[in-house]
Each structure stands twice: as structure tokens, then as C-alpha cells.
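Structure, as C-alpha cells:
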Amino acid sequence: MGRKLSNIELHRVSVEAFRLLPPSGVAVVLDNIRSAHNVGSVLRTADAFKADKVLLCGITPVPPSPEIHKSALGAEFSVDWEHCDHTLEAVARLREEGWTVLSVEQTVGSVSLETFSPEPGKKYALVFGSEVGGVDQAVVDASDASLEIPQFGTKHSLNISVSAGVVLWHFTLKRITQ
């Protein structure tokens, strides 16, 4: 057994140092997420795995918000985020900027996450959908591909914040082992 590390031993970077870290080549797009707590959790996960930015689209709540701050624990200050009125417009802009857009959704022809290897040097924008309806079909259609998290239980559904953690960890693992 090991002793828990103290906060000082974790060697956390400051917000200023975080912003100077090299880009990861990963962005997160939230398509009409209703829960501010889920948004905060995704921002915190985006901070942990050094996503380059988070686009909060449609009705997705935006900071400042006590509910977002409660689960983000300040990540709303470290991670670059912006609000976009429409997810389709955000996706179109990202594609123009050279991002490969991947909807995280169960679709005909989706790629199972464990078989997907991001190409080094390529930028990926990961779209996560609403808590009930998932990624809007029009956004799926506008994406370059769909990624699916393999699941084996009866629900075949994960909370948006859990999905973001799984997929961002996968991209991080591939980045640090390539």
C-alpha cells in the first residue's frame, strides 16, 4: 500500500502554466447538454486530460454558474471554452479549421473505441450529445465518423460526463504511448 500524496506532492500546474502547455489536438463539443453539473464535470475532465477547448452549444449552460463551478472545481478558468448558438455551425467551423469531427454515438457503421487509434498530429473534435437524445442526427450526419464506447450491460447508455472521461482517457492513452 502507498500513502496518499499531498496536494503539494501532486505538482499541479497553475492556470497560466496550463495554458502554455502544448496543444493536445483534442477538442470537446457539447451538443445541447441540459445539466450544468454535467458541463462542469466535462470541463474538469477536459482540464485533467488537457483538451484544447470545449464548445458549449445550443442550450448547454455556460459559466459563470454555481452549478458548473461546483463540479468543475475551477476548470472553467483553465480550459478554453466558448458558447456556440448551434452545434452544426460549430462543427462546420471546426472542419474548416482542420479538425476531424467524431460524434460519440451508437450509429450504423460506428467505430468501436478500443479499435480507434488517433493519427499523430491530427486534430480531433469529439461531439457528445444530450443526456436523453444523444448527438443530434444532423450533427452525426455532418461528422466525419462516429465512435462508440463498447458496453455490455442492459442499458447501453452512459452519463455524458462518464462518456467524456472514457473517450478523453482513450485519446490521452494513445497520445502518451505513441
Side-chain angles (χ1 to χ4, degrees), residues 15 18-19 21 23-111 113 116 118 122-149 157-172:
V15 170
F18 177 87
R19 291 177 180 271
L21 291 171
S24 65
V26 175
V28 174
V29 179
L30 299 184
D31 178 28
N32 291 297
I33 304 301
R34 292 185 182 279
S35 166
H37 293 287
N38 282 338
V39 172
S41 182
V42 171
L43 285 167
R44 187 170 165 189
T45 301
D47 173 278
F49 296 122
K50 184 47 182 93
D52 295 332
K53 59 184 170 181
V54 176
L55 285 74
L56 308 170
C57 301
I59 64 165
T60 304
V62 298
S65 158
E67 293 85 8
I68 290 174
H69 183 72
K70 182 176 182 177
S71 52
L73 294 179
E76 70 272 34
F77 303 117
S78 58
V79 176
D80 285 335
W81 63 267
E82 64 180 276
H83 179 260
C84 302
D85 289 335
H86 304 284
T87 309
L88 279 174
E89 291 173 7
V91 165
R93 189 180 83 220
L94 287 163
R95 292 186 81 204
E96 287 173 11
E97 294 172 0
W99 295 83
T100 297
V101 178
L102 303 174
S103 285
V104 180
E105 189 58 83
Q106 299 161 338
T107 67
V108 172
S110 60
V111 177
L113 183 62
F116 182 81
K122 200 169 187 178
K123 300 186 303 185
Y124 293 93
L126 306 168
V127 183
F128 297 91
S130 70
E131 294 86 348
V132 175
V135 179
D136 184 85
Q137 184 64 53
V139 175
V140 170
D141 294 342
S143 298
D144 295 294
S146 294
L147 291 178
E148 182 175 342
I149 300 169
S157 171
L158 294 169
N159 179 280
I160 167 60
S161 63
V162 173
S163 294
V166 168
V167 175
L168 286 171
W169 168 244
H170 177 81
F171 273 73
T172 299

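Side chain of Ser103 to main chain of Glu105: no donor-acceptor pair is present (N/O by atom type, distance under 3.5 Å, no hydrogens or angles). Judged by distance alone, with hydrogens and angles left aside, the side-chain atoms of Glu131 form a donor-acceptor pair with the main-chain N or O of Ser35 at under 3.5 Å. Formation of a donor-acceptor pair under 3.5 Å by the Glu148 side chain with backbone atoms of Ser110 is not found in this model. Judged purely by atom type and a 3.5 angstrom limit, His83 uses its side chain to pair as donor or acceptor with the backbone of Gly58.
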Might you work through the side-chain contact (heavy atoms from CB on, under 4.5 Å) test for His170 and Val166, ending with a clear yes or no?
-> CA-CA 6 Å; His170 177 81; Val166 168; 5.8 Å; no
Check step by step if side-chain contact (heavy atoms from CB on, under 4.5 Å) holds for Val167 and Ile149.
-> CA-CA 8 Å; Val167 175; Ile149 300 169; 3.8 Å; yes
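For the pair Asp144/Arg95, a side-chain contact is recorded, criterion being any heavy-atom separation below 4.5 Å from C-beta on. Between Val29 and Trp99 the shortest side-chain heavy-atom distance does not fall below 4.5 Å. Using a 4.5 Å heavy-atom threshold, the side chains of Pro63 and Leu56 count as touching. Residues Asn32 and Asp136 form no side-chain contact, since every pair of their non-hydrogen atoms from C-beta on lies 4.5 Å or further apart. Residues Glu76 and Val62 are not in side-chain contact: their nearest non-hydrogen atoms beyond the backbone lie 4.5 Å or more apart. Side-chain contact between Leu55 and Leu94 is present, with heavy atoms from C-beta onward closer than 4.5 Å.
Taking each heavy atom of Val127 and Val135 in turn, the nearest pair found is O-CG2, 3.7 Å. Here the closest non-hydrogen pair linking Val15 and Phe77 is CG1-O, 3.5 Å. For the pair Asp80 and Asp52, the tightest heavy-atom approach, listed with the atom from each and the gap, is CB-O, 3.7 Å. Residue Val91 comes nearest to Ala142 through the heavy atom pair CG1-O, 3.9 Å, listed as atom of the first residue, atom of the second, then distance. Annotation for Ile68 and Ala36: closest pair CG1-O, 3.4 Å, computed over non-hydrogen atoms. When all heavy atoms of Gly165 and Thr45 are compared, the closest pair comes out as CA-CG2, 3.7 Å.
We find the CD1-CG distance between Ile33 and Asn38 to be 7.0 Å, quoted to the nearest 0.5 Å. How far NE2 of His37 is from NE2 of His69: 12.5 Å, rounded to the nearest 0.5 Å. In this structure, Ser161 OG and Leu43 CG are separated by 11.5 Å, a value rounded to the nearest 0.5 Å. If you take OG on Ser146 and CG on Leu113, they are separated by 12.5 Å, rounding to the nearest 0.5 Å. The distance from atom OG1 of Thr172 to atom NZ of Lys50, rounded to the nearest 0.5 Å, is 11.0 Å. Between atom CZ of residue Phe128 and atom CG of residue Asn159 there is a gap of 11.5 Å, rounded to the nearest 0.5 Å.
When only modelled atom types and interatomic distance are considered, Glu67 and Ser65 share a side-chain donor-acceptor pair under 3.5 Å.
Ring geometry for Phe49 versus Trp169: interplanar angle of 30 to 60°, hence tilted. Under the 30°/60° scheme for interplanar angles, the aromatic rings of Tyr124 and Phe171 are found to stand perpendicular.
The salt bridge (Lys or Arg N to Asp or Glu O under 4.0 Å) check on Glu97 picks up Lys53, Arg93, with sequence neighbours excluded.
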